[in-house]
Amino acid sequence: MFHVGQVVKCRVTGSSPASRHINLSLQIRPVRISEDDMVKLGSIVSGVVEGLTSSAVVINVNSKAHLKGMISNEHLADHHERAALLKSILKPGYKFDQLLVLDIEGNNIVLSAKFSLISSAEQLPSDISQIQPNTVVHGYVCNLIETGCFVRFLGRLTGFSPRSKAMDDHKADLSGAFYIGQSVRCNTVDVNSETARITLSLKQSCCSSTDATFIQEYFILEEKIARLQSLGSDGSELKWIEGFNIGSVIEAKIGEAKDIGVVVSFDKYNDVLGFITHSQLGGLSLETGSVVQAAVLDVDKAERLVDLSLKPEFVEKSQEGSSKSQTHKKKRKREASKALELHQTVNAVVEIVKEHYLVIAIPEYNHAIGYASIADYNTQKLPQKQFVNGQRVIATVMALPSPETSGRLLLLLNSIGEVTETSSSKRAKKKSSYNVGSLVPAEVTEIMPLELRLKFGIGFCGRVHITEVNDNNVLEKPFGNFKVGQTITARIVGKPNQKGHLWDLSIKPAMLADTGEIGVKTTLEEFDFSTGQLVTGYVYKVDSEWAWLTISRHVKARLFILDSGCEPNELQQFQERFKVGKPVSGHILNVNKDKKLIRIVRHPLGALSTTNVGDEDKRKGESDNNISDDSVIAHIHEGDILGGRISKILPGIGGLVVQIGPNNYGRVHFTELKDAWESDPLSGYHEGQFVKCKVLEVSHSTKGTIHIDLSLRLSLDGMISKNPLKLASDADSTSKRAEKVEDLYPNMAVQGYVKNVIPKGCFIMLSRKVDAKILLSNLSNGYVNDPKKEFPIGKLVSGRVLAVEPLSKRVEVTLKNSDTNGTSKSEINDFSRLHVGDIVSGRIRRVESYGLFITLDHTNMVGLCHFSELSDDHIENIQTNYAAGEKVKAKILKLDEERHRISLGMKNSYFTDDIDFQITEQEESDEDIEETGVADDDADDEARSILLTDSTGMDIEYRSGVSDVLAQAESRASIPPLDVTLDDIEHSDMENFISENQENNEVTAIDEKSKRQAKKKAKEERESEIRAAEERQLEKDVPRTTDEFEKLVRSSPNSSFVWIKYMAFMLNSANIEKARAIAERALRTINIREETEKLNIWVAYFNLENQYGNPPEEAVQKVFQRALQYCDPKKVHFALLGMYERTEQHKLAEELLDKMSKKFKHSCKVWLRRVQVLLTQQQDGVQPVVNRALLCLPRHKHVKFISQAAILEFKSGVPDRGRSMFEGVLREYPKRTDLWSIYLDQEIRLGDEDVIRALFERAISLSLPPKKMKFLFKKYLDYEKSRGDEERIESVKRKAMDYVESTLT
């Protein structure tokens, strides 16, 4: 019918990319699948692996529907470890013969390969009606929470097991007992059809297995894994298993001897290893290389490992059977199988203890070999019972050897459902007579950092805590003299706990020498510790902040990082210094008897005083032995050297906040940061840095808080420096701090940091307790124009003490330097040496818009050359022609001896040839003086101003109005002096100074007017143009011509402001088309990334067409449609809407809002705008808009929309509607304090006090976290304070205190 190479028409039904297979069908039309052929929930299907993901296996289900399924990693097997191993070796193409359909999600099927679920598929319920109370069914854990776990069956049918019913041990952790996906057996406690709730119990005592399916799946999976690991797909690699039948005898060669047994090899099977444990040697002594006959007890097919036995009862039994005929052999097998019957209870002996199961022998039935699981479905993660070789157990036969059981006899231990404290059998427990206080011989099995593991008796395990080795915990390595396998004598001091099933033992010499009457004393150890006591413990845990120690078996201690030392390098290596197991001694700082926890510090406490920071000494309900360690500063005294960590660097001169305890902080003053006076003492410090500090003072405030002052200066006593010589050189007299006013005396040299600057001077810090005042006149030898600028806060200054007042604690300091060049102040500031008409030289001190300030050479005096006296010709820009520091010559025009003011002129007409020669000589002499260092320093000149100083060095006068005058004069920088009227500068010292200069200039210029008349007419036209340009500059340089605008847009091409001004300029000229052309040009010129700038142009374009378009509505729509292509559509819509609203085109605005509500229905802003329009226009229909918005908006925007709409109702609408909106959203989100705050703000704005207080009472009655409750109480208190009702204020405070006490209890 078909032949190779024939071309046929076919239909693709499926594909498997992993295996590179395509499924085809010659039926062109798909066959309609009947309901009977569809995959059903709970049915068993088969499938082939298509692919693997990190969390699941993709399966092609063998069905007519060609469906795909998923097997999660947890559903590959009942055993968690086996499932992970199977997943790691699975490959595409592997076929699963049986898979259970757990759930159907469209065309995707959720499958399970768990043997327990597949074998009980018919009993698995898919509906709540199929579940009967008090029945045990299989399921799997689908979720774990703190209060219980959820168990799922078929589909979405889920039951819940509360924590109290999930485990027999109520104190155990659920996450440590179960894992998501775990197979469990659950007992139905209650079924409530009305609420669709199923209550389950997972206790092992009532849900233990009644068959051997758990271990049966283990061996089935072992064989599957072995076949997958084999190279040949036909399983040829597993033929070696045929030579190792359970119970058969095989020849083996003795190999290497191990601690727990002997390794053997086989000549026929080189890649298979055998192992004989010491208990299976049968008392024989074997030599390496000898050949023995051994019986097979167990075969691990995946690991290719065989467990053998040399015991005669196994070897001889097999040899006797092999010596008889084949017929007789078969007969014996039939008799043996008849001898053992299903569900028969037998007495057995443990031969080999494996990780997951026991190999046991049944002596009564010819030493038949069987296998029993140690764990069960519900106890996979729990600590398993301990078994030992030779232990007798009682078991029930659950499955006879068959292919389904991999040829093994499967049994179920009768103790699998019992909850016991130890792993011994009942018989061993009855025989044991161990009690607390008994002496027992024990063998060391494991040496751990903090405990010694022992075994004693029959299956008993114990531990020796690290504190139970020596009478005093001072040994560095207490377990150093012990070895694994060593036998020691120990005394039982504690019964087994529920978690580890370990007995507590002690090997202390004093304990072993005791008479044994320790009973209750040992079990109930007395907690007798006192503050200040020296204790020693061993570190068992270290984190970044704490070292945790064990003082004894029941008492723990903790050591804070900053209490472990004071050197920064020690604190930096905190975790390296305190290794686990290291002994540490310390003094008890406080004791918590309830938690059996103490806090220790490394140094002695000294005089003890327990004080709580910010609270009373003892809180209510706090016992004497339970003192909160967060508030204890008993170990902190004045003079102590502590380790600290910089918590915060305060701005300015605030200094440092240093942490010295878990919740204790001290402050380092700005002057206590370093020994030497440095300009930036904070340099070198950073937050988180460890420092060594000294306690200077511990003070108590009236509020009960404690302030601790610290110092980081290494020169203090106890702050040992690594270089004493360097320390001695640094700790000179200038680095010492004056701790009190009495340490200061007049003319004493001091240093300090500027603390505050005021108009009259400044204050400096000499130390943490002493401040000094510096008057404005004493800040510098010259005039200080801006004290805040020249003496910023934190600046280091040096000066001398002027006066000390010990009674008032006042100190006055001067920063003036003593004269060192031999020139007296009287000479430097001698005003009488100057005369009107003198030609003088100097340097430009400062350039201002109204003139030049010039410092006269060889003096401290400064004169002013007004703008009008700079040159005979007009100067357009004074700043471009003159610079500070430039040497100039000038003529004294006027002297005001009373005010010590000098008016200068620099016009060329003022100077003659003789004067020029004199100035040249003065310049040369000035240069000589500068070379010898006698001339005034330019840096000192910068500290002077226009006000001169007299011979006493005190300021003549200084008023705040001067700075205002300077600011006004500066604003006139570009106005010609003839156009400036000085009459408006009143009530200032500058008034007379400038006006007198101007008067003097007028007198001097009378003789020269005749010479300048000819030039004046020629300059009038030029000056008028300059004046007009300067006036325009005063109006912020607004362009007035097209050329000026073109220049401006070329310099700022992306500025929409400039382009819009250009458009407005054209509209003012009635040039509409030119304005449109400028708008188009702007849209082409502005960079595409400047979306906001482009949008501004589009908005201006809207306004242009709205006013001048023909017709306006169509013109605006054309521009609008173009704008949508280039900008964010929503922003463009809002821009157009804003224009319509501004121009009161309400109809067009309403139509646009309707379009926006449809186009941007997911935008909260659009709907809020619509609500706002309705409320502003006082229209009805707000509620329908709100309802429609809630249907359109995403769920996460509902809260925002409702709260904003409610605010609009409060402001512009009906407040009751706003209240109902807030109430609705608060019912759904009662813990949103932001909503409560907004609601309260709106009510406070309305001012109904009864409603406001009722709302506050509701808010503070909520059960919220303390941080949120603090916010609500503070808001309530602020409101009552604003009303001024003291009674209500106290009421709010009492309610807040009641809340705090209720949370603490």
Side-chain angles (χ1 to χ4, degrees), residues 105-106 1091-1092 1094-1095 1098-1099 1102 1106 1113 1116-1243 1245:
E105 301 174 350
E1091 185 177 347
T1092 304
K1094 278 185 175 290
L1095 182 61
W1098 285 112
V1099 174
F1102 291 162
N1106 184 57
E1113 185 176 343
V1116 170
Q1117 283 298 320
K1118 288 181 180 179
V1119 177
F1120 174 67
Q1121 295 299 327
R1122 289 178 56 199
L1124 290 175
Q1125 301 175 11
Y1126 297 97
C1127 296
D1128 184 1
K1130 187 164 73 171
K1131 293 182 180 179
V1132 176
H1133 277 81
F1134 272 110
L1136 182 60
L1137 179 63
M1139 189 203 71
Y1140 283 155
E1141 291 176 347
R1142 286 193 303 272
T1143 55
E1144 297 184 354
Q1145 302 181 57
H1146 299 303
K1147 185 177 179 181
L1148 293 176
E1150 187 175 350
E1151 292 176 357
L1152 183 60
L1153 262 178
D1154 289 336
K1155 293 180 182 178
M1156 292 172 67
S1157 300
K1158 296 175 182 178
K1159 186 176 181 66
F1160 308 107
K1161 63 182 180 179
H1162 298 307
S1163 172
C1164 184
K1165 190 176 180 181
V1166 171
W1167 290 106
L1168 287 172
R1169 188 65 167 268
R1170 188 158 191 176
V1171 172
Q1172 184 181 7
V1173 170
L1174 291 175
L1175 293 175
T1176 304
Q1177 299 177 0
Q1178 297 181 354
Q1179 299 181 12
D1180 296 330
V1182 174
Q1183 191 59 41
V1185 173
V1186 172
N1187 295 337
R1188 184 181 169 196
L1190 293 176
L1191 291 175
C1192 297
L1193 290 173
R1195 178 83 178 166
H1196 67 275
K1197 292 186 179 182
H1198 283 191
V1199 175
K1200 176 184 177 183
F1201 172 75
I1202 294 173
S1203 60
Q1204 294 297 323
I1207 292 174
L1208 292 174
E1209 287 283 6
F1210 269 98
K1211 291 183 177 179
S1212 308
V1214 181
D1216 286 338
R1217 281 206 301 257
R1219 291 189 183 98
S1220 63
M1221 289 182 181
F1222 273 122
E1223 293 294 341
V1225 73
L1226 284 174
R1227 278 195 299 271
E1228 190 170 357
Y1229 304 99
K1231 297 185 178 182
R1232 289 279 297 269
T1233 50
D1234 55 339
L1235 296 178
W1236 282 103
S1237 180
I1238 297 171
Y1239 190 7
L1240 288 165
D1241 289 339
Q1242 302 309 311
E1243 291 291 359
R1245 192 177 62 83

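What you see is a predicted model, and the numbers here were worked out from it, not measured in a lab. By convention here, the first residue in the shown sequence is residue 1.
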*Please test V1166 against F1134 for side chain to side chain contact (heavy atoms under 4.5 Å, CB included), starting from the C-alpha separation and ending with a verdict.*
CA-CA 8 Å; V1166 171; F1134 272 110; 3.8 Å; yes
*Shortest non-hydrogen contact from G1218 to A1206?*
O-CB, 3.6 Å
*Measuring from K1155:NZ to K1158:NZ, what's the distance to the nearest 0.5 Å?*
9.5 Å
_Can you confirm whether V1132 sits close enough to Y1126 that some side-chain heavy atom of one is under 4.5 Å from a side-chain heavy atom of the other?_
no
*Under 3.5 Å, is there a donor-acceptor pair between the side chain of W1167 and the main chain of K1161?*
yes
*Less than 4.5 Å apart, any side-chain heavy atom of Q1117 and any of F1120?*
yes
_Where S1163 and K1130 come nearest, the two heavy atoms and their spacing_ = OG-NZ, 3.3 Å
*Quick one: pull up CG in L1137 and CG in L1148 and give me the separation to the nearest 0.5 Å.*
10.5 Å
*Does K1197 NZ have over 12 foreign heavy atoms under 6.0 Å away?*
yes
*Just how far is it from atom CD of Q1204 to atom CD1 of I1238, taken to the nearest 0.5 Å?*
6.5 Å
*asked:* With a 4.0 Å cut-off on N to O distance, would you call R1169 and E1141 a salt bridge?
replied: yes
*asked:* So which atom in Q1145 and which in T1143 form the shortest heavy-atom distance, rounded to 0.1 Å?
replied: NE2-OG1, 2.8 Å
*Is there a donor-acceptor pair closer than 3.5 Å between any side-chain N or O of H1198 and the backbone N or O of L1190?*
yes
*Side-chain (R1232) to main-chain (V1199) donor-acceptor, under 3.5 angstrom*: no
_I'd like to know if E1243 pairs up with R1219 as an ion pair, taking the criterion as any Lys NZ or Arg NE/NH1/NH2 lying under 4.0 Å from an Asp or Glu carboxylate oxygen._
yes
*Give me the one residue out of V1186, L1175, L1208 that meets side chain to side chain contact (heavy atoms under 4.5 Å, CB included) with R1217.*
L1175
*Does a side chain donor of either Y1140 or E1150 reach within less than 3.5 Å of an acceptor in the other side chain?*
no
*Output yes when a side-chain donor or acceptor of H1133 lies under 3.5 Å from a complementary backbone atom of L1152, and no otherwise.*
no
*Counting distance only, does the side-chain N/O of W1236 pair as donor-acceptor with the main-chain N or O of P1230 below 3.5 Å?*
yes
*Between S1157 (side chain) and L1153 (backbone), is there a donor-acceptor pair under 3.5 Å?*
yes
*Got more than 12 heavy atoms from elsewhere within 6.0 Å of CD, E1113?*
no
*At what distance, to the nearest 0.5 angstrom, does CZ of F1210 lie from CE of M1221?*
10.0 Å
*Has the side chain of S1203 got a donor or acceptor atom that lies under 3.5 Å from a matching backbone atom of K1200?*
yes
*Nearest-0.5 Å distance that lies between atom CH2 in W1098 and atom CG in L1136*: 12.5 Å
*Donor-acceptor under 3.5 Å (K1094 side chain, C1127 main chain)*: no
*Worked verdict on R1170 versus M1156 for side chain to side chain contact (heavy atoms under 4.5 Å, CB included)*: CA-CA 10 Å; R1170 188 158 191 176; M1156 292 172 67; over 6 Å; no
*Roughly how far, to the nearest 0.5 Å, is NZ of K1159 from CG of L1124?*
7.0 Å
